[in-house]
Every structure is written in C-alpha cells, then in structure tokens.
Amino acid sequence: MRHIAIIGSGPAGYYTAEAAQKHWGEEVRVDIFDMLPVPYGLIRTGVAPDHQSIKGVSRRYEKVALTDHVRFVGNVTVGKDVTIPELRELYDAVVLATGAPNDRQLGLPGEDLANVFGSASFVGWYNGHPQFAGLDPDLSGKHAVVIGMGNVALDVARILAKTEQEFAGSDIVTHALDALRTSNIETITILGRRGPHQIMMTPKELGELGQLERASPRVDPADLPEEAEDAILEPGLRKSVAHLRGFAAIPENIHAEKPVEIAFDMFASPQALTGDGKVEAVEVERTVVEAGRAVGTGDTYTLPADLVVSCIGYRTSPIPDVPFDERAGKFANDEGRILPGLYCVGWARRGPSGTIGTNRPDGYSLVEKIVEDIDSGALGTGGRSGREGFDQLAATRGLDLVTFRDWKRIEEAETAAAREGAPREKFVDIESMLRSLN
Ligand code: NAP
C-alpha cells in the first residue's frame, strides 16, 4: 500500500490524485489537505465568477474525491497544524499543490497607498476568499487602472465594467455585487509595458470585452503594428491581436453610447503611484519594445487613478522546511522533485502559467516521478502509517477536520442561500463555513 499526501485541493492537487488512482488503483490511499474547509482552490476563488462553465471542471474533481481511496481533509494548515517533516514520516510521498496565492510586487514607490491592490486580493475579494473578503475597495472614484496585459487583468477589467444584469447566473459574492452596483468608475485603463504583439491575453477572454453592455474597449490604432506583421504570430495570439484591431476600429458614436471605457494603454510602464494617503495617479513612462523588452523612452505622463489593481503575476507561499526559490517565487524543484518523497506540482512547481488543463499532464507526469523514486528504492520499502497515523496525530492536536461529506453539506447550505438564478452564495469566512455543519 502506498500513502500519498497532497497539499492543496485545486486543479493540480486533484489531477495528481486522479493520476495516482489510475496508477495504483486499490493499492493507494490519497489524502488531499486544504487550509480552507472547502475544496477546489483556484476553481472556487480564482476563476472569475462570470465564467461558470470553467468552474464546471470541479465535477471531474468530485468524481475523484468520491472514489473510495481518496479523501479530502479540510481546515488543516500544513506548516502550522502539521509540519512537512511530520507528513513525510507518515506518507510515502508528500506533494505540494499549493498554487501561487501571493501577489508579485510591483516594487514601485507608492505601492502601499490605500486603494492599491494586487490581483490575488482583489480577485479574492469578489470571489469571497476568506482571506480577502474584507478588502472593501473604494469604487467611488472615476478612474481605475489595471496593470498588466494577461488574462487576470482582463478578468478584473471585465468585472469592474459589468452591470448587475451581466452578473446573472454568476456566483459573485453579494458584498462585491453590492459594491459594484454603486461603483462610479467610468474609465478602466489597462496598462501594458509592451505592445499588442506581447499581450498574454487569450482570444476568447479578450473578445468578451467587445460584448459588454455598458462598456466599450478602446485601442489607439497608432499602437498597432502593420497588419502583415501579425502573420508571424502563433495562431492564438494572432486572434487576440485581431480583437485589438477590431477594438481600434470601433467608431466614436459607439463609444459615446457606452458610459464606461476600457482603454488599452500600451507601451506604458508604471514608474510610481502617487496620492495623499490614497492613490490618486500613476506616473507612467512611454516605452519602445527592443528585442522583446520594454525600454523606457524618458517620455513620462500622469494617469489619474482612484483605484489600482496590479495583475502582474503570483508567487507561491513558502512553507517551513521546504527549499524555496526566492527569485522565481516557487519551490526549488527539479521537474517536480524537491527531495525524494517531497514533490510539487502545478503553479507551485512551474510558476503561474498555463490554463487549468495544463495541470492535468503536470499531475500525471509527477506521479511518474514518484513511481520512479519508488522503483529506485529512494522512498524506502513502504509500511508507513498514512492516514491512520495522521488521524491519530490530528486527534492529539484537537484539529477540527472537515471531510468531503462535510463539504457537501456546506455546499448544500451555499446553494440554498443563492440569489435567484445564481448557483450559490459562498460563505466568505471560515467560521460561517464550520457553523453550517452544526
Ligand atoms: P500573465 O499572463 O503572466 O500576465 C502578466 C502581465 O503582467 C503581463 O502582461 C506582464 O507583462 C505584466 N507585468 C509583469 N510585471 C510587470 C511590471 N513590473 N510592470 C508592468 N507589467 C508587468 O499573468 P496573469 O494574468 O496573472 O495570469 C496567470 C495565469 O493564469 C496565466 O497563465 C493566465 O492565462 C491564466 N488565467 C487564465 C484565465 C482564463 O483562461 N480565463 C483567467 C485568468 C488567468 P510582460 O509580458 O511585459 O512581462
């Protein structure tokens, strides 16, 4: 019998569990730990609330969760309630699938001003992550600036731009919907330090900006290269650039019909955030792209900003006793292997890139690595106590474990509390989640 502990119940965690099940069948017991009492990580608190079809992938994870030898162990913080060395004693393999939940910092003056947020906290706020539910961003100003030209920047801009009706069928939490309903934001500037050929936005998501009820996207035609130059792009990026060309061609009378503008400001590198206690502006330097890099031109200007959300990527949270690559912001690893018996997968392994589906091959190839280490004898001869040993430890520590069955009860309560047409109203604090089990 092999015992595997997976830390983190998001896509990377569940695909790894699925791969382990496929490989060992009856001969494996997998425990999936999460610090929250609820599973699915990024699917629940990262994927945008108006992208419900993407969230549907959790049904696949539920199938894995309901197999006999995989269990969910919620409400356990690894590194605090139980340490990595303790888990390594109990399980043959410990897999860190903890994602990248912390914001990369801009490293600019004024980053600490009020109403400046990283995307982890801002997305966590509208998605009801217990850590960020109390963020309370001030949406009373007219100008929002979103820094970065990736899909997260698109999510944030779209959520800020949508009308209440456009959230029908979404699971945006009520505190965010209430705040957005009274928002005064009129311009949302997406600030990119490079140009149209360097955007990280995928075509489907970018195309959504052209379909919004009260907002229209604006691209300065002067920022676009000659159309013939698009031929060298890979097909996905070429489609995204085609959307930008479409946005650049939107006539003024159409812009005039929409009260909110989403303005792409490209070749524009933020240099500082300024304001008296609260952010009021972003100082920007024009750039040119040379050999793929943004190079400052010395030409600067000031962009008004009552709210700033920086969407420039994420870092993994270090865990005591686990080697960490500070520069890359992820666990130090060789293709998922940190040490024999200790592994990482998904964003915790490779950094915050790729789609949810990228985590599937990642999980499967990690299980191959574990098999290699077992076959080479690097993990010993087995005979570890696995979940039985963990349960004893948890009992001595008085840990309040949450099972998958418990989660289904939390889910039922969330479904019952949903606004009309919405799939659920999430609990946004751990106490309420646990209280719903009494
Ligand atoms: P991302 O795709 O890596 O984009 C980050 C953006 O931030 C880039 O445009 C980057 O510009 C910019 N940036 C980085 N440092 C900067 C700085 N110091 N100043 C100004 N700009 C800076 O990251 P992401 O948007 O956080 O997305 C993370 C992953 O999740 C991606 O794989 C994404 O596709 C995925 N995701 C997918 C969906 C979806 O499919 N619906 C939704 C959300 C997220 P440079 O290129 O110049 O560095």
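Just so we're clear, the structure is a prediction, and the values are computed from it rather than from any experiment. Just so you know, ligand 1 is whichever comes first in the structure, and atom 1 is the first atom listed for that ligand.
The distance from ligand 1 to the heavy atoms of Arg194 drops below 4.0 Å at these ligand atoms: 45 (P), 46 (O), 47 (O). Listed by number with element, the atoms of ligand 1 under 4.0 angstrom from any heavy atom of Met149 are 6 (C), 8 (C), 9 (O). Against a heavy-atom cut-off of under 4.0 Å, Val152 is close to the following atoms of ligand 1: 24 (P), 25 (O), 26 (O), 27 (O), 43 (C), 44 (C). Taking every heavy atom of Tyr314 and a limit of under 4.0 angstrom, the matching atoms of ligand 1 come to 26 (O). For ligand 1, the atoms closer than 4.0 angstrom to any heavy atom of Pro352 are 28 (C), 29 (C). Each of the following atoms of ligand 1 lies closer than 4.0 Å to a heavy atom of Ser353: 32 (O). Taking every heavy atom of Ile312 and a limit of under 4.0 angstrom, the matching atoms of ligand 1 come to 7 (O), 13 (N), 14 (C), 15 (N), 16 (C), 21 (N), 22 (C). For ligand 1 and Cys311, the ligand atoms under 4.0 Å from any heavy atom of the residue are 5 (C), 6 (C), 7 (O).
Among the atoms of Asn151, some N or O lies under 3.5 angstrom from an N or O of ligand 1. The shortest N/O to N/O separation between Met200 and ligand 1 does not fall below 3.5 Å. For a threshold of 3.5 Å applied to N or O pairs, the pair formed by Glu205 and ligand 1 contains at least one separation below that value. Between Gly148 and ligand 1, no N or O atom pair is found at a separation short of 3.5 Å.
Ranking the protein heavy atoms by distance from atom 11 (O) of ligand 1 puts Arg193 NE, 3.8 Å first. Here the protein heavy atom with the shortest distance to atom 4 (O) of ligand 1 is Gly150 CA, 3.6 Å. Protein heavy atom closest to atom 35 (C) of ligand 1, with residue, atom name and distance, is Gly354 O, 3.7 Å.
Protein heavy atoms all stay at least 4.0 Å away from atom 23 (O) of ligand 1. For atom 29 (C) of ligand 1, the nearest protein heavy atom is under 4.0 Å away.
Taking the six-membered ring where the residue is Trp, Tyr61 and Tyr14 present parallel rings, their angle staying beneath 30° rather than reaching 60°. The aromatic rings of Phe122 and Trp125 lie tilted to each other, with the angle between the two planes from 30° to 60°.
Nearest heavy-atom pair across Pro217 and Ile250 is O-CD1, 3.5 Å. Considering all non-hydrogen atoms of both residues, Ala348 and Thr316 come closest at CA-OG1, 3.5 Å.
Lys408 has a carboxylate O that lies under 4.0 Å from a charged side-chain N of Glu411, or vice versa, which qualifies the two as a salt bridge. The existence of a salt bridge linking Lys426 and Glu414 is excluded, since no basic side-chain nitrogen approaches an acidic carboxylate oxygen closer than 4.0 Å. Look at Arg71 and Asp31 and you find a salt bridge, because one of the NZ, NE, NH1 or NH2 atoms lies within 4.0 Å of a carboxylate O, short of that distance. Contact check on Arg315 versus Glu326 returns a salt bridge, with a Lys/Arg side-chain nitrogen under 4.0 Å from an Asp/Glu carboxylate oxygen. For Arg214 and Glu166, the salt-bridge test fails: no basic side-chain N is under 4.0 Å from an acidic carboxylate O.
By the criterion of a heavy-atom distance under 4.0 Å, the side chain of Asp155, and not its backbone, is placed next to ligand 1.
Counting only N and O atoms by type, the side chains of Thr202 and Asn151 include a donor and acceptor under 3.5 Å apart.
Legend: ring pair (Phe, Tyr, Trp, His ring centres under 6.0 Å) pairs involving residues 284-342, not counting sequence neighbours, sorted by first then second residue: Tyr314-Trp347, Phe324-Phe331.
Cation-pi geometry between Arg245 and Phe247 is not met: the NZ or CZ atom fails to fall both under 6.0 Å from the ring centre and inside 45° of the normal.
At least one heavy atom of Arg104 sits under 4.0 Å from some atom of ligand 1.
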